[in-house]
Amino acid sequence: MSLWEYANPKKFLTTSERVMPYVWAVSLTCLLVGVVWGFFFTPDDYKQGSTVKIIYLHVPAALMAINAWLMMLVASLIWLIRRHHVSALAARAAAPVGGVLTLIALVTGAIWGQPMWGTWWEWDPRLTSFLILFLFYLGYIALWEAIEDPDTAADLTSMLCLVGSVFALLSRYAVNFWNQGLHQGASVMRVGAITGSDTSEKVSNVFFYPLLTCIVGFVLLFVALVLYRTGTEIRARRIKALLARERIAS
Amino acid sequence: MNALLARDLKLALRAGGGFGLGLAFFLIVTVLVPLGVGPQSALLGTIAPGILWLGALLACLLSLDRLLALDWEDGTLDLLATAPLPLEAAVSIKALAHWITTGLPLVLAAPVLGILLNLPAPGYFWMVVSLALGTPALSVIGTFGAALTVGLKRGGLLLSLLVLPLYVPTLIFGAEVARRGAAGMDIATPALMLAGITAATIALLPFASAAVLRVNLR
Amino acid sequence: MGYVAPMTLSASDLAISRGGVRVLENLNLTLAPGQALILRGPNGIGKTTLLRTLSGLQPPLAGTIAGADDRIAYAGHSDGIKPTLTVTENLNFWARVFGTSSIQVALDSFRLADLADRPAGALSAGQKRRLGLSRLLLTGRAIWILDEPTVSLDTSAIAMFADAVRAHLGQGGSAMIATHIDLGLDAEVMELGPFKAVPPPLDDFDGAFA
């Protein structure tokens, strides 16, 4: 029993269809519990008031926006090395989900930022990186849509994902450097402390547990959506192959 | 290899080769910006490095869709792929030819356009240095994008969408060198980063471009 | 003048695909030095795809190809000619790429000497084709793989081409040509019809989508 068995589309479909209802159920439960718990049963922050509560959507979305790209990178590598069609289709399926999560992170960030910093948008390194990440998602999706032959599309998008990952990482450091170069000082530090990866340390446990629940919910929501969309992609691909087959036979 | 370089340069210089279009575009952008921003020379001087870098970047982008598409349409790429020259070398040469016909003229024209934008005096040297260091990377990255979209009939817009995010690090460090140079600040870190990016892309990206081109040729 | 170490091109159990669809399978062929092979078959059977696969431009779905490395000169539907360069400049470029010093043989065999200084864009379709085919003589490659080489050639140009192929075969070269025209060559004819791919049974269809 090897993991690669699931690279067979049929096996993947039957298995994912068996698993998916549970993933959906746990994900939606976690999200519901996390959001209700976070919104209504945690105290307002002494400094930020109730605006802080958008953290329950913002942080998980931002987290998954990056992890979705990582998942696409791994799936692309698997396609390039082992040429499992399901892997390429999973990468394709994940891209719009990742893109939307990036957009959610950006929009919730703006909503949170407005009362906090008095502006909807700040060219803070982190925000800028996410905007650039969003552009990478757009390019990746557009390339998939533009190419007709599915295997060619899979090869080219995988290469783009690979090269893009390197440049996305580079952009992250470049943007960090760029903003410090522009205006050093307190505002950047403050923004970093609030939205940063050190959130869990800064946020007290009262906020942390519902946040964790929401993160679990978002992770599983991503898994469910990708499984569902990969299934759709597999079926679309199969229809295409069947049509081609009919054309040959006639 | 020299044959390919000589041919590409010759093609660019002949009628319809498009040599000088990028340069003209660069000039127009530089003229239009003050018209849009207003004639305050202090403001223009502050944003001059950024405008010149952005103009150079867009001028490079402009000629990318011809870089491989013409050779693709007339079958030259098929023949090159079966020739003794490795495809990796061929795409490197094409990128070099693109830089010589597009990037290099931009580097040389930048100081003149700097005058129009009231670039501060210490900025000229670093403007040229930053463009000279950065534009080769723009050509090499652009070649990768051109290789990705070569088989598509309407690849031009998609090419921009794919290439522009890849240009971000080069733009940031390049413009930073020019800006710091103009302000008389220390430029060592961004200049080294810029040179590093250029060196790494020249060394590694042709392999990706050739791989992608092979996929498109089959 | 002969070719250095001429070798037999052989393919065994070859299966090829176009646009992700298997078109030909169970194909076995050999092409010995001095031999010409004419490929025949209806449109869409996969002649071009087969020639491109043998030339190494695309990987086969299954099977092996031997004897092809760096020995093939491929001429497809497009000639790879730059309209703004002259005939001489076009030929010189390919001669330099393939490491050949003189383009005289190409100019002579396809009677291009009179056109030598004209820009290729000013040539007629047939003249362009002659220019494209004359490039083969500059490659120094022993195996010619030609896809519909006689398109837009007139009778005398076809004879010119047939002579060039005959001379090539006489030097120990070989040629595989997809064409419907009788070139008057002493060539074996291969019908591709029997090798048309049979769609796989629906049961194991899910595995690879094709």
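Lettering of chains follows the sequences in order, A, B, ..., and the numbering in each one begins at 1. Just so we're clear, the structure is a prediction, and the values are computed from it rather than from any experiment.
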S.K.: For the residue pair T135(B) and W99(B), confirm or rule out a side-chain donor-acceptor distance under 3.5 Å.
M.R.: yes
S.K.: Just wondering, are more than 12 heavy atoms of other shown residues or ligands nearer than 6.0 Å to CG in L204(B)?
M.R.: yes
S.K.: Taking 4.5 Å as the heavy-atom cut-off, does anything in residues 74-81 of chain B contact chain C, and if so which residues?
M.R.: D74(B), G75(B), T76(B), D78(B), L79(B), L80(B), A81(B)
S.K.: Side chains of W53(B) and S130(B): donor-acceptor distance under 3.5 Å anywhere?
M.R.: yes
S.K.: So, R7(B) and D71(B), do they make that salt bridge, N to O below 4.0 Å?
M.R.: yes
S.K.: Verify whether one side chain among T143(B) and H98(B) offers a donor that lies under 3.5 Å from an acceptor in the other.
M.R.: no
S.K.: Would you mind checking which part of R135(C) comes under 4.5 Å of any heavy atom in chain B, side chain (CB onward), backbone (N, CA, C, O), both or neither?
M.R.: side chain
S.K.: Distance only, no hydrogens: is a donor on one side chain within 3.5 Å (strictly under) of an acceptor on the other, for T8(C) and T30(C)?
M.R.: no
S.K.: Sort I72(C) into side chain, backbone, both or neither according to what part of it lies under 4.5 angstrom from a heavy atom of chain B.
M.R.: backbone
S.K.: Please check if the number of heavy atoms outside R40(C) that lie under 6.0 Å from its CZ is greater than 12.
M.R.: yes
S.K.: So which of R96(C), K82(C), E89(C) has the largest heavy-atom pair count under 4.5 angstrom toward chain B?
M.R.: K82(C)
S.K.: The criterion is side-chain contact (heavy atoms from CB on, under 4.5 Å); which residues satisfy it with A178(C), sequence neighbours excluded?
M.R.: L39(C), K47(C), L51(C), D147(C)
S.K.: Quick check on the interface: out of L4(B), L70(B), L85(B), who has the most heavy-atom pairs with chain C under 4.5 Å?
M.R.: L4(B)
